[in-house]
Number of protein chains: 2
Amino acid sequence: MRVPKKERQRLLQETIDRNPFIKDEELSKQFAVSIQTIRLDRMELKIPEVRERIKHVASERLDEVKSLALSEVIGDMIDLKLDESAISVLDIEREHVFSRNEIARGHILFAQANSLAVALINDELALTTKADIRFSRQVHLGERVVAKARVIKLRRDGRTDVTVESYVGDECVFSGDFTIYRRGEEEQA
Amino acid sequence: MRVPKKERQRLLQETIDRNPFIKDEELSKQFAVSIQTIRLDRMELKIPEVRERIKHVASERLDEVKSLALSEVIGDMIDLKLDESAISVLDIEREHVFSRNEIARGHILFAQANSLAVALINDELALTTKADIRFSRQVHLGERVVAKARVIKLRRDGRTDVTVESYVGDECVFSGDFTIYRRGEEEQA
DNA sequence: ACTGCTATTAGTACCAGGTATTAAGTTCTT
DNA sequence: AAGAACTTAATACCTGGTACTAATAGCAGT
């Protein structure tokens with residue numbers, strides 16, 4: 001055997017993961033085995049044929065566009081009492097971090113908090129006008145951030161004060177005081 | 001003729017644009033014409049076969065992932081003097097706005113400003129620790145936001161104060177005072 | 001009504017990139 | 001040397017097409 005089966009299959013998996021568009025024929029050349037062997041390997045590894053793989057990538061992309069448009073909240077909302085409190089969860093993934101050091105970018109944590117604060121407001125139109133925020137600890141790739149938002153004050157002028165605190169485990173990693181405008185057309189978020 | 005050719009081709013184009021995964025057979029049923037007619041139509045309209053269409057969607061998606069990972073800065077940096085000042089431009093597109101009212105989400109403007117402030121710092125590791133921000137006017141779909149960042153103070157303790165103001169035309173839409181930490185391992189952004 | 005033209009449909013051969021199955025080597029091990 | 005694991009071969013068949021040829025339908029103009 002040129003290269004042990006297990007090793008070949010490991011590499012095969014990796015190769016296809018990195019390039020889902022590759023055909024059996026090219027794989028067979030790359031690994032210097034017959035095309036049938038490649039197909040047996042794919043079977044054992046439950047890797048579908050190239051067209052299915054491409055289709056999968058493509059449909060993921062369509063989903064992405066939709067979910068991005070739909071998700072008015074960044075992170076998953078797991079609790080919401082309008083005009084009272086809300087909680088969302090965000091798992092920190094590759095696209096959220098600086099590639100150099102795998103630390104989450106500040107605006108990701110801000111985005112989670114901000115969209116949660118906005119979602120909390122029981123109104124057609126809610127926009128952030130002001131925020132004081134503080135990042136109190138680095139958040140790393142793979143960590144789960146739980147953001148908790150709470151309405152502090154409902155003012156008569158249409159503004160609402162919301163405070164958000166985000167935790168990894170029991171450590172506070174982010175806190176912010178937001179002022180949210182509702183229904184108006186003059187201010188911004 | 002059930003429906004004039006031109007009209008059918010217009011609808012065909014539209015249908016395929018909306019669902020690139022649709023096969024000739026289903027199209028022929030939908031338009032109540034033979035499969036050959038659909039193929040002639042596709043020819044005339046230069047629409048490739050379903051597999052090519054899917055492949056196209058899929059490869060676009062891969063590009064997307066790459067470009068997202070690469071963009072350490074949200075918006076295009078057009079000027080940068082390290083530890084002094086920087087300017088970036090962001091065109092507000094569909095994915096940046098609330099679908100209901102086409103107003104840019106707050107965290108998009110924050111992201112532009114934050115990543116500009118971080119990029120401005122001449123150091124391996126730069127993280128936001130604190131920010132006071134204000135959204136002074138709504139930004140709408142299609143508008144171009146120019147963010148200008150300026151270093152205010154370089155402290156000896158490793159912190160730097162940066163102020164960012166973002167404009168649409170000559171109107172200020174966002175302003176923020178950021179405190180950026182450099183080189184440390186304790187604080188966050 | 002016949003001609004001419006476009007539009008539509010049918011039919012056939014062929015292709016890529018597979019699946020599925022059966023059978024025949026090849027190694028490796030013991 | 002025998003058995004098991006692994007690899008290759010061969011063949012039939014599938015989907016969703018391309019490419020090409022030919023037949024047919026529908027209608028307009030004269």
Side-chain angles (χ1 to χ4, degrees), chain A residues 1-70 94, chain B residues 1-69:
Chain A
M1 278 182 221
R2 315 147 231 249
V3 111
K5 183 179 171 177
K6 278 211 169 177
E7 178 64 6
R8 186 190 57 227
Q9 293 195 342
R10 207 183 50 73
L11 290 172
L12 186 72
Q13 181 69 261
E14 220 181 279
T15 306
I16 292 177
D17 281 349
R18 268 209 307 271
N19 176 17
F21 295 74
I22 195 168
K23 294 168 202 164
D24 286 359
E25 201 184 330
E26 216 192 304
L27 288 166
S28 89
K29 280 178 196 158
Q30 236 177 78
F31 290 93
V33 294
S34 74
I35 210 167
Q36 283 83 352
T37 301
I38 295 294
R39 286 174 180 165
L40 279 176
D41 284 348
R42 272 202 299 106
M43 279 250 219
E44 289 177 19
L45 299 172
K46 315 231 181 222
I47 301 174
E49 59 166 295
V50 72
R51 292 157 188 152
E52 290 305 310
R53 296 195 302 262
I54 291 177
K55 206 184 288 182
H56 185 248
V57 171
S59 53
E60 261 186 349
R61 191 208 153 213
L62 289 197
D63 290 353
E64 219 169 79
V65 171
K66 269 181 219 153
S67 73
L68 215 127
L70 283 175
R94 275 247 111 73
Chain B
M1 278 180 221
R2 314 145 235 251
V3 109
K5 183 178 172 181
K6 278 210 168 176
E7 179 65 5
R8 185 191 58 227
Q9 292 195 342
R10 208 182 52 71
L11 290 172
L12 185 72
Q13 181 69 261
E14 220 181 280
T15 306
I16 292 178
D17 281 349
R18 267 209 308 272
N19 176 15
F21 295 73
I22 195 168
K23 294 168 202 165
D24 287 357
E25 200 183 331
E26 219 192 302
L27 287 165
S28 88
K29 279 178 196 157
Q30 239 178 75
F31 289 94
V33 294
S34 73
I35 209 166
Q36 284 82 354
T37 300
I38 295 294
R39 286 173 180 167
L40 279 175
D41 285 348
R42 272 202 299 105
M43 279 250 220
E44 290 178 18
L45 298 172
K46 317 234 180 219
I47 301 173
E49 59 167 295
V50 72
R51 292 159 189 149
E52 289 306 310
R53 295 194 303 261
I54 291 177
K55 205 182 291 180
H56 185 248
V57 171
S59 53
E60 262 185 350
R61 192 208 155 215
L62 288 197
D63 290 352
E64 218 170 79
V65 169
K66 268 181 219 152
S67 72
L68 213 130

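Protein chains get the first letters and strands the later ones, always in sequence-line order, with residue 1 at the start of each.
With sequence neighbours excluded, the residues satisfying side-chain contact (heavy atoms from CB on, under 4.5 Å) with A/I35 are A/D24, A/E25, A/S28, A/R39. Applying the salt bridge (charged side-chain N to carboxylate O under 4.0 Å, His left out) test to A/R51 and every residue at least two apart in sequence or in another chain returns A/E49. Applying the side-chain contact (heavy atoms from CB on, under 4.5 Å) test to A/T37 and every residue at least two apart in sequence or in another chain returns A/R8, A/V33, A/S34, A/D41. For B/Q30, the side-chain contact (heavy atoms from CB on, under 4.5 Å) test picks out B/T15, B/I22, B/E26, with sequence neighbours left out.
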Scan nucleotides 12-18 of chain D nucleotide by nucleotide, 5' to 3', and note B when protein non-hydrogen atoms come under 4.0 Å of the base, S if they reach only the sugar-phosphate, - if neither. ---BBBB
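The interatomic distance linking B/E44 (CD) with D/dA19 (P) rounds to 15 Å, in whole Å. Atom NZ of B/K5 and atom C1' of C/dT8 are 9 Å apart (whole Å). We find that CZ of B/F31 is positioned 16 Å from C1' of C/dT8, with the value rounded to whole Å. Whole-Å rounding puts the A/K46 NZ to C/dT19 C1' distance at 15 Å. A/E7 places its CD atom 13 Å from the P atom of D/dT7, with the value rounded to the nearest Å. In this structure, B/E52 places its CD atom 13 Å from P of C/dA16, rounding to the nearest Å. Going from atom CG of A/D41 over to atom C1' of C/dT19 covers 16 Å, rounded to whole Å. Distance, A/K6 NZ to D/dT7 P: 13 Å, rounded to whole Å.
Taking side-chain N and O atoms only, A/T37 has a distance below 4.0 Å to OP1 or OP2 of D/dT8. Of the side-chain N and O atoms in A/R8, one or more sit less than 4.0 angstrom from OP1 or OP2 of D/dT7.
Residue B/Q9 holds its CD atom at 10.5 Å from CD of B/E7, rounded to the nearest 0.5 Å. Separation of atoms CD (B/Q13) and CD (B/E44) is listed at 12.5 Å; rounding is to 0.5 Å.
Between B/E14 and B/D17 there is no side-chain heavy-atom pair separated by less than 4.5 Å.
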Using a cut-off of under 3.5 Å, enumerate the N/O to N/O pairs linking the protein to nucleotides 22-26 of chain C.
none

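For the pair B/K55 and A/I54, the tightest heavy-atom approach, listed with the atom from each and the gap, is CA-CG2, 3.7 Å.
Using a 4.0 Å heavy-atom criterion, one finds that A/I35 contacts no nucleic acid atom at all.
A donor-acceptor contact shorter than 3.5 Å is absent between the side chain of B/R53 and the backbone of B/F21.
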